[in-house]
There are 2 protein chains.
Amino acid sequence: MVGIRDVAEAAGVSVSTVSQVVTGRRPVAAATRARVEAAITRLGYRAHPGASQLRGGRTGTIALIVPTLENPFYPLVAVGMQDVLVPRNILLTVTDASGMDRSASAIHRLLSRRVDAMVAAPFGLPESSLAELHDAGIPFVSLGKAPPGGGDFVHTDDVSGAREVTTHLIERGRRRIAFLGGEESVVPTQQRLEGYQAALRAAGLPVRGDDVVFEEYTREGGRKGAATLLDRDDRPDAIVAANDLIALGVLDATRARGLRVPDDVAVTGYDDIEAASLVSPPLTTIENPAREIGRACARLLLERLDGMVTDVARTVALSTRLIVRDSS
Amino acid sequence: MVGIRDVAEAAGVSVSTVSQVVTGRRPVAAATRARVEAAITRLGYRAHPGASQLRGGRTGTIALIVPTLENPFYPLVAVGMQDVLVPRNILLTVTDASGMDRSASAIHRLLSRRVDAMVAAPFGLPESSLAELHDAGIPFVSLGKAPPGGGDFVHTDDVSGAREVTTHLIERGRRRIAFLGGEESVVPTQQRLEGYQAALRAAGLPVRGDDVVFEEYTREGGRKGAATLLDRDDRPDAIVAANDLIALGVLDATRARGLRVPDDVAVTGYDDIEAASLVSPPLTTIENPAREIGRACARLLLERLDGMVTDVARTVALSTRLIVRDSS
DNA sequence: GGCGGCACGCAAAAGGTTTTGCAGTAGCAT
DNA sequence: ATGCTACTGCAAAACCTTTTGCGTGCCGCC
């Protein structure tokens, strides 16, 4: 294990000079620097990150916490962050928070002081846990849910997106439109529901409580919810699914029942993951710019790390877009 | 910032006793332990990870390095690792290696000493970089490519998988079967090509060099490669794509040209990502158990970390399965 | 040729934990 | 009652880096 001491010796300088060369926080004479750098290369020296961090340095790592990696939306957010982070030589660490819900502080314990900054999509996380993230004393960006105490925040307008897709269905002549959400408690569900209801009201259509069902944000959730909605006597003529995964499950259910989409029932999704355009029939959905969202998060964080921002909380709102395909 | 010192003071014990309670490496009297634990909870103490690591501890982190997060195969591997790691309270850090190819040691520099163990799908990584990973002195599992110097290794049999799917096409009466690979240099490409050729030979069919095309492992690569293959005078009656993403691109190309699948040309994929079953027509493909692969990797690593294994290199081979759908 | 100032490199402290040899004590057996 | 053992907690060293105030040597200018 080659330490800074070895490099110093090899280069014939002091330990502190080596450190200065490495960190660049103080100027070093060109000749000396060259000698030190040569020694570093020759010995293959790398600073021990633990020690660096201990003495007050950065970890050079940014964390992304997502509710699940099974929804392809989130890997894409990670890719977007990479776009910004890789040129800056910062390591991105992606953590799937599914399965670590119980202990409210699991995430904090795992990440505190282990990263320089953090972005989290805090759905399903208890409020206390979110507060902890916010108070961890490092730059933090919340994804899709306004942080309780205020703070940086990247999102798309779920209300307007859901309103847009619902309105589209109404314009296509649908009158009995159901909403199939994921977990009821999470913010995007509530906002998409709100947009759906707003569209109904604006069109003068009744807002019926039994036309709203909540399951999970998975394909399986979609199958289950669709079963509830479709096996009734007066089934809806359209289903607004709260995301594409759910919509895929709805399509499974229609297929299993021999229902034609969109003739018997129209289906719409949300996010525009790749599968949305592939499934048959292709899904009408709302494009949610995952990669761009990732980029925005990373940029926000970087600006804080660079000290360009003081303490004003910033919100980045990215726009969504209705994509009409055959399912409606 | 509450340190171990504060806890010791609050509990009326020495710093080392607190450490012993936390790490559990030495027995502590029950009464004392209770007092210390109470203080820890009350103060919200957490060990500074840098300091712990410095003094010889573990980082409690395992890294997964993937070629890209855009291929949904890899997030699933991560999920599989999580299955095993979460109960053990180990943090998984997923890194997308795309874009950090240039500097051969980027990955090493980023991860060295920052994690306790590592699994990497080292496609596209220079050989030197792979050797570095292997020599980093931490448990290391290679994914899909045998590590040059020997070492733990998880894979599926690409040769047999490709042979199986190609044979399936032959049995369906296809005679002019093309192979559309991703990057030529990476091992899975070579092996899948080998399986394809083996199947042709076994059936007494000619192995024609111009029926083999290499592009990238992306949907766009599939479109390009299919263009090459389909715009010829004597186009093939089947295309074996080296993964599902490529196959999706091939389907795009057939659609653009008004070709019917499988009537005019059959198409097969590899991996069985979710999109494979969704696209129209659904893809015949080889199921590649990503999640199970992730689990196997994590288990291998854990066994080494627990010191259950000395130095014998182990190989885990998981089986694949032909999934016949409408595209063939 | 002498003096002032500047650039450069150094020494030492600090940062928070884990480890380990050691000492004190209580309990048990003789 | 005494000696020994086992258990428990402590003090101090070790881990490796970064930071910062200082001293030294060199250069330029008068």
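The structure presented is a predicted model; accordingly, all values stated were derived computationally and were not measured. Reminder, nothing fancy here: chain letters follow the sequence lines and each chain counts from 1.
In this structure, the CG atom of A/Leu54 is 17 Å from the P atom of C/dA13, given to the nearest Å. Protein atom CZ of A/Arg55 is 20 Å distant from nucleotide atom P of D/dA14, rounded to whole Å. When rounded to the nearest whole Å, the span between CZ of A/Arg5 and C1' of D/dA14 equals 10 Å.
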(request) I would like to know whether A/Asp306 and A/Arg299 meet salt bridge (Lys or Arg N to Asp or Glu O under 4.0 Å); could you show each step before the answer? (result) CA-CA 10 Å; A/Asp306 293 344; A/Arg299 275 193 287 258; over 6 Å; no
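The local environment of CD in B/Glu183 is crowded, with over 12 non-hydrogen atoms from other residues, nucleotides or ligands closer than 6.0 Å. When the shell of 6.0 Å around CD of A/Glu9 is examined, it contains 12 or fewer heavy atoms from other residues, nucleotides or ligands. No more than 12 heavy atoms of other residues, nucleotides or ligands sit less than 6.0 Å from atom CZ of B/Arg5.
With 3.5 Å as the limit, one finds no donor-acceptor pair spanning the side chains of A/Ser19 and A/Ser16. Remark: the A/Tyr217 side chain and the A/Thr189 side chain contain an N/O donor-acceptor pair separated by less than 3.5 Å.
Nearest-nucleotide positions on DNA chain D place A/Ile4 closer to the 5' end than the other of A/Arg26 and A/Ile4. The residue among B/Ala51 and B/Arg35 whose nearest nucleotide of DNA chain D lies closer to the 5′ end is B/Arg35.
For the segment residues 6-25 of chain A, the set of residues with a heavy atom within less than 4.0 Å of an atom of DNA chain C comprises A/Val13, A/Ser14, A/Ser16, A/Thr17, A/Gln20, in numerical order.
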